[in-house]
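Keep in mind that this is a model prediction, so the values were computed, not measured.
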Amino acid sequence: MQAKQIVIYLLVSFLSLSPLKAQINTTRMIDVGRNAIYFDDYVLAIQYFNLVINAKPYLYEPYFYRALAKFYLDDYTGAEADCSRAIERNPFFPNSYQVRGLSRIKLGKLSTAVEDYTKAVEMEPGNRSLWHNLTICYLQMERLNEADSICDQMLKRWPKHAESYGIKCQIKMAEKDTVEAEKLIDKALEVDKYNVPSLSTKALMLMTREKFKEAEERLDEALRLQPKHPGNYINRALCRYHQNNYRGAMQDYDQALSIDPNNFIGHYNRGLLRANVGEDNLAIEDFNFIIEKDPDDMMAIFNRATLLDNIGEYAEAIRDYTTVINEYPKFLYGYQRRAAAKRKIGDMNGARKDEEHVLKEEIAHRYGYTTATSRQKNKTRKQSEKNIDDYQSLVVADDEEVTKQYTSEIRGKVQNRNVETTLIKPLEKTKKLYSEVGPDDALQYFNKAYDMAQNGNIQEAIAMLDTAIKTNPTFAEAYYNRGLLKLLSDQTEGAIIDLSKAGELGIYSAYNIIKKNTRKLSIGN
């Protein structure tokens, strides 16, 4: 979104919208909403744009700006839908295609994002960020020829555009041509020695060749220029770790997590480092975070088990060892560790069974025959299972920060509130609200759905909420509860659509739930 001068207005209170539809100053409301976006108050912005949409639903601007507010709240599904509504009303506004393209990228809908950026480039060919993002879409789709062709067009227009050389570098890396890739990243730094993405990429290349000191120097410069980049702190920590500078590495992990507290790989790496230096309790905290985010990460569970073992929490360690063994029944070291822990709590029979199992499997392996356990296939290890000595699996690369490769003038930080994820109960307040704005039948269906859900009848509850919403299409609590029930049923896409509507209608805690589940939706696409 191109920066425009924003007039700051005093915020005023408004009465119910219905009697004021024809009276509100929609231009002023749009400006106040934009002002709220500028100061990162996205939920307030949505309220103002709702006012305008209700008064003048034919305008495209309130839909576009409401999409922007939803985008900042990680409601990419809602942002995509609002951009589509804005485009229906004005198909000649390139920013709507840009924001919809970014939303679709976040949702993993790369092919439709390409369509949006192609359209936006046709309308605004001088906007370099649109070309750049179109190229990155093609790169992520592994359509390397298209990506390379667009980069060449960009370099004709902007010969000193370092990012174009950087993208061409990524193309060569994808083609396994590391020599040409390094030449291209060096060219990018020759054009702009202060280009942070190029410095970061050069550092990664040096790390792959185990030139950790030189890589650290590049990251020092990148962080001097852009000190709020968690990925570069994580990668510099790896460089420092491999130079035995554990204190410096720990400081970098702490700094990365102060900037991005939910950074998965930052917690993983710091947990491994804390374990290496004997800070077992602190390491357990990091692995607790990892396991909460990814309950199927067996390596994290095993690491936590060994740490619990170290601090004398043997029963909890046995629980984690058992989880790993159930997932990987041929993991003999897990049986050995569990046997030792069982002995420490006096479970001699359990320890003996584990030790006998290990002995039986080792003899079978030595003499070339199979047991019932050894006939079972080991499950594939997840990519997220890491070892601190394998730095290539611990650096922040495309998987971790892929969307940050896209350039955008869209600004703002996501508001993140800790909320309790529970169904909204049929309260008296709710009854009064909906007896005023719609038929009482909607509330009756809502109450019945709640009771059904409490009794475990999830699909019946969803069907009942369908009826409640059909009866009263502005029933925010019904959308919210239906969204939560759909999440329980693994209907992630439908759930996020419902939660987006609930947020739009005023239940702003829905955005926190959307944020936590959007990654599932993008993986599904």
Side-chain angles (χ1 to χ4, degrees), residues 105 110 128-243 252 256 265 390-408:
I105 287 165
L110 293 176
R128 194 165 63 186
S129 69
L130 297 176
W131 288 83
H132 177 92
N133 290 359
L134 177 58
T135 308
I136 295 293
C137 282
Y138 279 128
L139 183 61
Q140 277 193 256
M141 295 168 72
E142 298 183 356
R143 292 167 61 175
L144 303 183
N145 289 335
E146 287 99 328
D148 198 39
S149 174
I150 295 174
C151 279
D152 289 339
Q153 293 178 58
M154 292 177 69
L155 287 170
K156 286 180 181 177
R157 283 176 170 267
W158 303 286
K160 295 194 174 183
H161 186 228
E163 282 82 1
S164 293
Y165 289 107
I167 296 169
K168 288 179 76 69
C169 166
Q170 291 182 56
I171 293 168
K172 291 301 177 185
M173 291 289 286
E175 294 173 346
K176 311 297 183 186
D177 187 351
T178 55
V179 174
E180 188 60 29
E182 190 139 20
K183 287 180 182 177
L184 285 163
I185 207 63
D186 288 341
K187 179 65 176 177
L189 288 169
E190 178 187 322
V191 168
D192 180 4
K193 66 180 180 179
Y194 300 117
N195 185 267
V196 172
S198 298
L199 287 165
S200 303
T201 301
K202 180 67 175 181
L204 287 172
M205 289 180 168
L206 291 166
M207 290 172 73
T208 60
R209 300 208 305 271
E210 299 189 8
K211 294 187 176 183
F212 296 110
K213 187 175 185 305
E214 293 178 44
E216 182 181 354
E217 290 170 356
R218 296 298 197 287
L219 292 167
D220 287 343
E221 180 65 7
L223 287 166
R224 183 186 69 79
L225 295 165
Q226 194 178 104
K228 297 294 185 181
H229 193 298
N232 281 338
Y233 282 107
I234 290 171
N235 289 346
R236 189 173 70 176
L238 259 298
C239 292
R240 289 176 167 179
Y241 169 81
H242 284 282
Q243 296 175 81
D252 275 347
I265 200 168
D390 179 13
Y391 73 87
Q392 291 191 57
S393 67
L394 296 169
V395 296
V396 176
D398 289 353
D399 287 345
E400 198 66 23
E401 295 203 337
V402 68
T403 53
K404 294 182 183 178
Q405 297 173 7
Y406 294 88
T407 61
S408 172

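- When all heavy atoms are compared, the tightest approach of Met207 to Leu238 is CE-CB, 3.8 Å.
- Partner of Glu216 under the side-chain hydrogen bond (donor to acceptor under 3.5 Å, both in side chains) criterion, out of Gln243, Lys211, Arg236: Gln243 alone.
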Q | Steps toward side-chain contact (heavy atoms from CB on, under 4.5 Å) verdict (Tyr165, Glu190) | A | CA-CA 10 Å; Tyr165 289 107; Glu190 178 187 322; over 6 Å; no
**Q.** Residue pair Ile136, Ile167: steps toward the side-chain contact (heavy atoms from CB on, under 4.5 Å) verdict
**A.** CA-CA 7 Å; Ile136 295 293; Ile167 296 169; 3.8 Å; yes
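- Here Arg224 pairs with Glu221 in a salt bridge; the nearest charged N to carboxylate O distance falls below 4.0 Å.
- Between His242 and Phe212, the ring planes lie parallel to each other; the angle is under 30°, not in the 30° to 60° tilted range.
- Side chains of Asn195 and Glu163: a donor on one and an acceptor on the other come within 3.5 Å.
- Atoms CZ and CG, on Arg218 and Asn232 in that order, are 13.0 Å from each other to the nearest 0.5 Å.
- Counting only heavy atoms from C-beta outward, the side chains of Ser200 and Asn235 never approach each other to under 4.5 Å.
- Judged by distance alone, with hydrogens and angles left aside, the side-chain atoms of Tyr233 form no donor-acceptor pair with the main-chain N or O of Leu223 at under 3.5 Å.
- Atom-to-atom distance recorded for Gln170:CD and Leu139:CG is 5.0 Å, nearest 0.5 angstrom.
- Within the 4.5 Å cutoff, no side-chain heavy atoms of Thr208 are placed close to those of Thr178.
- Remark: Ile105 CD1 to Cys137 SG distance equals 4.0 Å, nearest 0.5 Å.
- Side-chain atoms of Ser149 never come within 3.5 Å of backbone atoms of Asn145 as a donor-acceptor pair (strictly under, hydrogens ignored).
- Shown here for Leu199 and Lys193, the closest heavy-atom pair between the two residues is CD1-O, 3.9 Å.
- Across Ala181 and Cys169, no two heavy atoms sit closer than the pair O-SG, 3.3 Å.
- Between Thr135 and Glu146, every side-chain heavy-atom pair lies at or beyond the 4.5 Å cut-off.
- For the atom pair Ile150 CD1 and Leu155 CG, the distance stands at 12.0 Å (nearest 0.5 Å).
- For Glu180 and Lys187, the salt-bridge test fails: no basic side-chain N is under 4.0 Å from an acidic carboxylate O.
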(Q) Checking Lys202 against Glu182 for the side-chain contact (heavy atoms from CB on, under 4.5 Å) test, could you report, in this order, the C-alpha distance in whole Å, the side-chain angles of both residues, the deciding distance, and whether it holds? (A) CA-CA 8 Å; Lys202 180 67 175 181; Glu182 190 139 20; 2.6 Å; yes
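- The two residues Ile234 and Ala256 come nearest to each other via the heavy atoms CG1-CB, 3.8 Å.
- Ion pairing between a basic and an acidic side chain is recognised when a charged N comes within 4.0 Å of a carboxylate O; Lys160 and Asp192 show no such pairing.
- From Ser164, atom OG reaches atom CD of Gln153 across 10.5 Å, with rounding to the nearest 0.5 Å.
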Q: Show your reasoning for whether side-chain contact (heavy atoms from CB on, under 4.5 Å) applies to Glu175 and Ile171.
A: CA-CA 6 Å; Glu175 294 173 346; Ile171 293 168; 3.9 Å; yes
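- Checking each of Lys168, Arg143, Lys172 against Asp148 for a salt bridge (Lys or Arg N to Asp or Glu O under 4.0 Å) leaves exactly one that passes, namely Lys168.
- With rounding to the nearest 0.5 angstrom, the NE2 atom of His132 is 8.5 Å from the OG atom of Ser129.
- Closest heavy-atom contact between Ala174 and Leu144: CB-CD1, 4.0 Å.
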Q: Could you go through the salt bridge (Lys or Arg N to Asp or Glu O under 4.0 Å) check for Lys213 and Glu217 one step at a time?
A: CA-CA 6 Å; Lys213 187 175 185 305; Glu217 290 170 356; 3.1 Å; yes
